[in-house]
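Heads up: numbering here begins at 1 and tracks the sequence.
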Amino acid sequence: MERRVVVEAFFLCLFFALLLGSVRCSSITELNLNRRSKSDENSSLCSQLIQPSGYPCSEHTAETKDGYMLGLQRVSSRTGDIKIKPAGPPVLLQHGLFMAGDAWFLNSMEQSLGFILADQGFDVWVGNVRGTRWSHGHISLSEKDKEFWDWSWQELALFDLAEMINYVHSITNSKVFVVGHSQGTIMSLAALTRSDIVDMVEGAALLCPISYLGHVTAPFVLDLVTLHLDQMILAMGIRKLNFRSDIGTQIMDSICDEHNCNDMLTSITGKNCCFNNSRVDFYLEYEPHPTSSKNLNHLFQMIRKGTFAMYDYGLWGNMKQYGHLKPPAFNLGSIPKSLPLWMGYGGNDALADVTDVEHTLKELKSKPELLYIDSYGHIDFLLSVRAKQDVYDSMIRFFRSLRKSNSS
């Protein structure tokens, strides 16, 4: 089998392991990743997922400084009217790796953060980074161009998230609450080191907060890092990671006829206590979304080096890009002490490891409000059957306390 095909197969299995948990890989044939038609994939997140649940939703587009057209959705409560400004403050939801804005609505309506915030009267804004299906390409580049995929989470933080915050701030004329999960927290923490972005933010809530990855304990991920698979992919000229391809699905079927992937989730994310396996078929209607190989490479750099820094282009590349031999670090100490932060993390999270979270806390000037759940893994904070009671109620109390203190 050609090396390129092997790599595609591997990464497809990696995502299923991350998302499916105890479901046998052989069931992928029945789930059928390619069931959605082209017309479905070209329709909007509002029309596909949010409006059918009874929530008013409008589509928006924000253009980044480097020309990417990002899709955003604005959601209000089922009793509201999207044409009327919601009474509550704006909240921007920022998804993680291989996901998009639909991630906030894939749990049951009673346990999905996007729906919960809307019902609580918040002005909900849903972000979608470049390359995901709910964003809208580039002003001059095609997704078939390698240049389109020349970015990592560094650009997602300093261009995409920065522009989405600016867009919501300008439309609402109000400071924004930012919520991130996993890679969305990397983006948030990096963006919040810039004072011009902080000026538009009222507070941030970080689920599975990541700035350092030096103590990742997931054995499967560590094996990939040791093998330098990310560098192999880039060397092979693969710039886009898209696990919904026809060949990917076919290879996945053949691989999982011979292997059982039951225990893969735990080896990647840690043991998830409360993930709802019964909804896997529904999740796969929307996930996974594409990302860039460079983005994966940047994340693996963080694991290898134990740093929270910009992308490492090598000695000469760094000199050309940054004027230094090493890439500049993101200084968490530059996030103002006055910016309120809330963090939720779990004892079974093998990606946002407790040791790395504690490292982040030591570097921050402020003392974030913390929610620690010993039994939670990485996926539980997004898709737990008890997410509202265990996590989101605490987050919402945090938001409301800030509004009360600022209005008094």
Side-chain angles (χ1 to χ4, degrees), residues 62 64-65 88-96 117 122-123 125 127 129 153-213 302 306-311 322 327-345 352 354 356-372 394-408:
T64 68
K65 292 181 179 179
V91 181
L92 175 64
L93 304 179
Q94 181 53 58
H95 61 82
L117 288 172
F122 289 88
D123 186 3
W125 292 80
V129 301
W153 62 258
Q154 177 177 321
E155 285 75 24
L156 300 186
L158 302 183
F159 290 90
D160 292 25
L161 184 56
E163 186 53 48
M164 288 187 284
I165 292 173
N166 178 65
Y167 184 90
V168 175
H169 178 261
S170 63
I171 294 294
T172 63
N173 196 30
S174 175
K175 286 192 173 184
V176 182
F177 288 122
V178 176
V179 178
H181 173 254
S182 191
Q183 181 182 260
T185 70
I186 301 176
M187 295 165 55
S188 298
L189 288 167
L192 292 174
T193 62
R194 283 182 29 181
S195 60
D196 58 323
I197 298 176
V198 171
D199 289 343
M200 298 181 286
V201 176
E202 187 160 354
L206 308 178
L207 300 167
C208 310
I210 296 172
S211 61
Y212 293 95
L213 287 169
M302 296 170 67
T307 58
F308 183 41
M310 295 185 177
Y311 186 83
Y322 309 118
F330 287 100
N331 179 15
L332 292 173
S334 66
I335 299 176
K337 186 177 182 179
S338 59
L339 179 68
L341 299 174
W342 178 99
M343 295 183 177
Y345 63 112
V354 171
D356 287 328
V357 174
E358 291 174 348
H359 187 176
T360 299
L361 294 172
K362 289 178 181 179
E363 292 202 1
L364 292 169
K365 291 180 179 179
S366 64
K367 292 185 177 180
E369 183 175 324
L370 300 176
L371 173 68
Y372 173 76
S394 172
M395 179 194 299
I396 291 171
R397 284 195 298 271
F398 168 74
F399 289 156
R400 293 202 187 283
S401 70
L402 295 181
R403 296 297 287 186
K404 289 180 180 178
S405 62
N406 290 339
S407 61
S408 60

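In this structure, W125 and I171 have side chains that are in contact, with non-hydrogen atoms separated by less than 4.5 Å. In this structure, the side chains of M395 and L207 come closer than 4.5 Å at one or more pairs of heavy atoms. Within the 4.5 Å cutoff, the side chain of Y212 has heavy atoms near those of the L332 side chain. M200 has its side chain out of reach of Y167: every pair of non-hydrogen atoms, C-beta onward, lies at least 4.5 Å apart. Counting only heavy atoms from C-beta outward, the side chains of F122 and P89 approach each other to under 4.5 Å.
Partners of L370 according to the side-chain contact (heavy atoms from CB on, under 4.5 Å) rule, which considers only residues two or more places apart in sequence or in another chain, are M343, Y345, L361, P368. With sequence neighbours excluded, no residue forms a ring-ring contact (aromatic ring centres under 6.0 Å, His included) with H169. Checked against ring-ring contact (aromatic ring centres under 6.0 Å, His included), F308 has the following partners two or more places apart in sequence or in another chain: W153, F330. Not a single side-chain hydrogen bond (donor to acceptor under 3.5 Å, both in side chains) links S366 to another residue, sequence neighbours left out. S334 is linked by a side-chain contact (heavy atoms from CB on, under 4.5 Å) to T193, N331, counting only residues two or more places apart in sequence or in another chain. Remark: S188 engages no residue in a side-chain hydrogen bond (donor to acceptor under 3.5 Å, both in side chains) (not counting sequence neighbours). Remark: H95 pairs with no residue by the ring-ring contact (aromatic ring centres under 6.0 Å, His included) rule, at least two apart or across chains. Judged as a side-chain hydrogen bond (donor to acceptor under 3.5 Å, both in side chains), and not counting sequence neighbours, the contacts of D196 are R194. In this view, Y311 and H298, Y313 satisfy the ring-ring contact (aromatic ring centres under 6.0 Å, His included) rule, not counting sequence neighbours. Residues forming a side-chain hydrogen bond (donor to acceptor under 3.5 Å, both in side chains) with T360 (at least two apart in sequence, or on another chain): S211.
Separating the CG atom in L339 from the NZ atom in K337 is a distance of 13.5 Å, to the nearest 0.5 Å. With rounding to the nearest 0.5 angstrom, the CE atom of M164 is 5.0 Å from the CE atom of M187. Within the model, atoms CZ of F177 and CZ of F398 stand 7.0 Å from one another, a figure rounded to the nearest 0.5 Å. A distance of 7.0 Å separates CD1 of I210 from CE of M302, quoted to the nearest 0.5 Å.
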Q) Between L161 and L92, is a side chain to side chain contact (heavy atoms under 4.5 Å, CB included) present by the stated rule, with each step listed? A) CA-CA 9 Å; L161 184 56; L92 175 64; 3.8 Å; yes
(Q) Determine whether T64 and E155 satisfy the following criterion, side chain to side chain contact (heavy atoms under 4.5 Å, CB included), listing intermediate values before the conclusion. (A) CA-CA 10 Å; T64 68; E155 285 75 24; over 6 Å; no
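Listed by first then second residue, pairs satisfying salt bridge (Lys or Arg N to Asp or Glu O under 4.0 Å) with a partner in residues 157-177 read R130-D160, not counting sequence neighbours. The stretch residues 356-365 participates, sequence neighbours left out, in no salt bridge (Lys or Arg N to Asp or Glu O under 4.0 Å) pair at all.
The shortest heavy-atom contact between A352 and P209 is CB-O, 3.7 Å. For the residue pair A191 and A157, the shortest heavy atom distance occurs at CB-O, 3.8 Å. Closest heavy-atom contact between D123 and T172: OD2-CG2, 3.5 Å. Residue A190 comes nearest to L158 through the heavy atom pair O-CD2, 4.2 Å, listed as atom of the first residue, atom of the second, then distance. Heavy atoms only, all atoms of each residue included: T185 and L206 are closest at CG2-CB, 3.8 Å. L192 and I197 get closest at one heavy-atom pair: CD2-CG2, 4.5 Å.
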